[in-house]
Chemist: 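Questions regarding the structure given below will be posed in turn.
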Amino acid sequence: MISNVAAGKLRDQIKLLKPSKTLNTSGSHIVTYTNVGTVWCNLKQVTLREIMNSSVEMPTETYTVLMRYRPGITQDWCVELPN
């Protein structure tokens, strides 16, 4: 855990997307994402070497997001990257 992140390191903005499940007419779950807010963060693209060392199959682009603490965020949330 990193504490006291300097404001100058938070140069990118991302949108935080919270999932919500609803039932459709056939009774199956549909996951939709709601924009909760925009936050400043530090985006770093994970290198190929880091992906190879993790021995986990990854999508083409993987990022590490460093942002200030925000309560309530869980692993099923998504982020929308700029551009």
Side-chain angles (χ1 to χ4, degrees):
M1 176 179 225
I2 300 173
S3 61
N4 299 328
V5 178
K9 292 190 180 246
L10 306 177
R11 297 179 181 173
D12 305 298
Q13 282 189 325
I14 57 170
K15 291 181 183 177
L16 296 176
L17 306 173
K18 180 179 181 179
S20 58
K21 291 181 183 176
T22 57
L23 288 174
N24 64 8
T25 55
S26 64
S28 59
H29 288 283
I30 297 174
V31 179
T32 58
Y33 291 91
T34 307
N35 184 359
V36 176
T38 302
V39 296
W40 288 96
C41 70
N42 182 345
L43 284 176
K44 177 188 166 202
Q45 190 168 9
V46 179
T47 64
L48 182 60
R49 177 177 293 182
E50 292 173 43
I51 293 172
M52 298 291 282
N53 288 339
S54 70
S55 71
V56 176
E57 189 172 325
M58 297 281 185
T60 13
E61 293 184 43
T62 304
Y63 291 88
T64 300
V65 177
L66 175 66
M67 62 183 223
R68 292 204 169 133
Y69 176 77
R70 186 174 174 133
I73 295 177
T74 59
Q75 290 181 350
D76 56 344
W77 284 41
C78 292
V79 297
E80 185 178 311
L81 300 177
N83 302 326

Chemist: Using the rule that two of Ile, Leu, Val, Met, Phe, Trp, Tyr join whenever any of their side-chain heavy atoms come within less than 4.5 Å, decide whether Leu81 and Leu10 are in one cluster.
Modeler: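 No, Leu81 and Leu10 fall in different hydrophobic clusters.
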
Chemist: Which value, rounded to the nearest 0.5 Å, describes the distance between Met67 atom CE and Asp12 atom CG?
Modeler: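 Met67 CE to Asp12 CG: 13.0 Å, rounded to 0.5 Å.
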
Chemist: Indicate yes or no: at least one non-hydrogen side-chain atom of Lys9 is less than 4.5 angstrom from one of Leu66.
Modeler: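 The answer is no, as the side chains (C-beta and beyond) never meet within the 4.5 Å cut-off.
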
Chemist: Compare every heavy atom of Ile14 with every heavy atom of Val79, then report the nearest pair and how far apart it is.
Modeler: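 Looks like CG1-CD1, 3.7 Å.
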
Chemist: Output the distance between atom OG1 (Thr32) and atom NZ (Lys21), rounded to the nearest 0.5 Å.
Modeler: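 Nearest 0.5 Å value for the OG1-NZ distance: 11.5 Å.
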
Chemist: Would you give the length of the straight line joining atom CZ of Arg11 to atom CH2 of Trp40, rounded to the nearest 0.5 angstrom?
Modeler: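 One gets 11.0 Å once the value is rounded to the nearest 0.5 Å.
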
Chemist: Any chance you could lay out the side-chain contact (heavy atoms from CB on, under 4.5 Å) test for Ile30 and Leu23, step after step, and finish with the verdict?
Modeler: CA-CA 6 Å; Ile30 297 174; Leu23 288 174; over 6 Å; no

Chemist: Any heavy-atom pair between the side chains of Leu17 and Thr34 that's under 4.5 Å?
Modeler: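 When only atoms from C-beta onward are counted, Leu17 and Thr34 do not touch, as no gap falls below 4.5 Å.
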
Chemist: What closest approach, in Å, do Gln13 and Pro82 show between heavy atoms, and which atom pair accounts for it?
Modeler: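 Distance-wise, the nearest heavy atoms are O-CD, 3.4 Å.
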
Chemist: Taking side chain as C-beta onward, heavy atoms only, is Val36 less than 4.5 Å from Trp77?
Modeler: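 Heavy-atom side-chain distance check passes, below 4.5 Å.
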
Chemist: For residues Tyr63 and Val39: do they belong to one hydrophobic cluster (side chain heavy atoms under 4.5 Å, members Ile, Leu, Val, Met, Phe, Trp, Tyr)?
Modeler: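 Same cluster: Tyr63 reaches Val39 through Ile, Leu, Val, Met, Phe, Trp or Tyr contacts under 4.5 Å.
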
Chemist: Say you draw a straight line from CG of Asp76 to NZ of Lys18; how long is it, rounded to the nearest 0.5 Å?
Modeler: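 Between Asp76 CG and Lys18 NZ, I get 9.0 Å after rounding to 0.5 Å.
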
Chemist: Just wondering, do Leu43 and Val65 contact through their side chains at under 4.5 Å, heavy atoms?
Modeler: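 Side-chain contact under 4.5 Å: yes.
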
